[in-house]
Asker: 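The structure under discussion is supplied below as structure tokens; questions concerning it will follow.
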Amino acid sequence: SMSASTAIPHSTQQIEIAGVPTSVVVARFADYTFVLATQLRTFGTVVRAAKDEAQLGGTDTFSFETLLGKAEEPLLSVIARQLVERASAGVAEPPPLVLALGLKSHDPATAKGIIGAVCEAAGWT
């Protein structure tokens with residue numbers, strides 16, 4: 001298995017979200033955190049989500065870039081935003097997230113389940 005030869009801190013979960021088997025992996029690298037949440041056995045759409053440099057007294061802003069797959073997926077944008085907000089809460093310089101999201105159905109229940117499962121796996125409150 002991969003974990004035997006690599007020393008990347010990661011957690012892997014097999015769960016069901018809205019009745020669909022789902023794999024969730026969170027792996028922390030030196031300069032980014034990789035999140036895989038898939039119901040399709042593929043990476044699906046890969047999005048890079050990062051907290052922007054904070055402006056003095058300004059609200060937090062985030063930038064998103066689709067690295068692979070369909071750029072215009074409203075639900076994936078919602079998931080990416082929720083996850084990067086939670087990942088960077090209370091962290092001075094949070095590493096960017098690279099999110100690989102392969103969802104069978106694009107509905108709110110699936111989105112909620114994915115967000116909850118990833119946050120639990122990553123230890124984000």
Side-chain angles (χ1 to χ4, degrees):
S1 79
M2 224 175 104
S3 57
S5 59
T6 55
I8 298 158
H10 72 285
S11 80
T12 306
Q13 291 184 325
Q14 297 289 339
I15 54 173
E16 276 204 4
I17 292 175
V20 182
T22 307
S23 300
V24 174
V25 178
V26 177
R28 297 175 199 281
F29 294 87
D31 49 357
Y32 68 95
T33 299
F34 176 72
V35 173
L36 168 66
T38 185
Q39 302 175 326
L40 307 172
R41 296 174 178 265
T42 69
F43 277 5
T45 300
V46 181
V47 178
R48 183 182 184 278
K51 184 177 175 182
D52 299 327
E53 291 280 324
Q55 305 303 311
L56 200 62
T59 53
D60 288 343
T61 59
F62 301 91
S63 51
F64 303 90
E65 179 189 2
T66 302
L67 306 179
L68 187 74
K70 290 183 234 166
E72 293 308 310
E73 289 283 3
L75 200 76
L76 297 186
S77 302
V78 169
I79 294 170
R81 169 165 285 280
Q82 288 275 328
L83 291 179
V84 73
E85 283 180 0
R86 301 226 195 155
S88 48
V91 182
E93 292 184 22
L97 303 183
V98 175
L99 306 167
L101 302 169
L103 307 186
K104 252 186 186 147
S105 61
H106 288 226
D107 60 83
T110 297
K112 191 171 186 237
I114 292 284
I115 292 162
V118 170
C119 288
E120 189 177 316
W124 301 328
T125 50

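Because only heavy atoms are used, hydrogens play no part in the values below, and waters and symmetry mates are left out as well, while side chains stay in.
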Asker: Of all heavy-atom pairs between Ala80 and Ala49, which one has the smallest distance, and what is that distance?
Answerer: O-CB, 4.4 Å
Asker: Of all heavy-atom pairs between Ala50 and Pro96, which one has the smallest distance, and what is that distance?
Answerer: CB-CB, 3.9 Å
Asker: Do Val20 and Phe43 belong together in a cluster built from hydrophobic side chains that touch within less than 4.5 Å?
Answerer: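 No: no chain of side-chain contacts under 4.5 Å links Val20 to Phe43.
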Asker: Could you state the interatomic distance from NE2 (His106) to CD1 (Ile79), rounded to the nearest 0.5 Å?
Answerer: 7.5 Å
Asker: Examine distances only and state if a side-chain atom of Arg28 and a backbone atom of Ala122 form a donor-acceptor pair shorter than 3.5 Å.
Answerer: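 Yes; at least one donor-acceptor contact below 3.5 Å.
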Asker: If the test is side-chain contact (heavy atoms from CB on, under 4.5 Å), which one of Leu36, Thr12, Thr38, Ile15 qualifies with Val24?
Answerer: Ile15
Asker: Give, for atom CG of Leu76 and atom CZ of Phe64, the distance between the pair rounded to the nearest 0.5 Å.
Answerer: 11.5 Å
Asker: Which heavy atom in Leu67 sits nearest to a heavy atom in Val98, and how many Å separate them?
Answerer: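 So the two residues come closest at CD1-CG1, 4.4 Å.
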Asker: CZ/Phe34 to CG/Leu99 distance, rounded to the nearest 0.5 angstrom?
Answerer: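 Reported to 0.5 Å precision, the distance equals 9.0 Å.
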Asker: Excluding sequence neighbours, so at least two apart, what forms side-chain contact (heavy atoms from CB on, under 4.5 Å) with Ser11?
Answerer: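 Listed in chain order: Val26, Ala121.
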Asker: If you take all heavy atoms of Phe62 and Arg81, which pair is closest and at what distance?
Answerer: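 Scanning both residues completely, I find the closest heavy atoms to be CD1-NH1, 3.7 Å.
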Asker: OG1 of Thr66 to CZ of Arg48: how many Å apart, nearest 0.5 Å?
Answerer: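 If we round to the nearest 0.5 Å, Thr66:OG1 and Arg48:CZ are 12.5 Å apart.
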Asker: With rounding to the nearest 0.5 angstrom, report the CG to OG1 distance, Leu83 to Thr33.
Answerer: 11.0 Å
Asker: Membership question, hydrophobic clusters at under 4.5 Å side-chain separation (ILVMFWY): are Val46 and Val25 in the same one?
Answerer: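 Cluster IDs for Val25 and Val46 match.
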Asker: Hey, any chance Val84 and Tyr32 share a hydrophobic cluster, counting ILVMFWY side chains that come within less than 4.5 Å of each other, even indirectly?
Answerer: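 The answer is no; the residues belong to distinct hydrophobic clusters.
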Asker: Determine the minimum heavy-atom distance between Pro21 and Gly19, stating which atoms define it.
Answerer: CD-O, 3.8 Å
Asker: Pairs under 3.5 angstrom only: tabulate donor-acceptor contacts from the side chains of residues 109-118 to other protein residues two or more places apart or in another chain.
Answerer:
residue : atom : partner : partner atom : Å
Thr110  : OG1  : Ser105  : OG           : 3.2
Thr110  : OG1  : Asp107  : OD1          : 3.3
Thr110  : OG1  : Asp107  : OD2          : 3.0

Asker: How far apart are the closest heavy atoms of Gln39 and Lys104, and which atoms are they?
Answerer: OE1-N, 2.8 Å
Asker: With rounding to the nearest 0.5 angstrom, report the OG1 to CD distance, Thr22 to Glu16.
Answerer: 7.5 Å
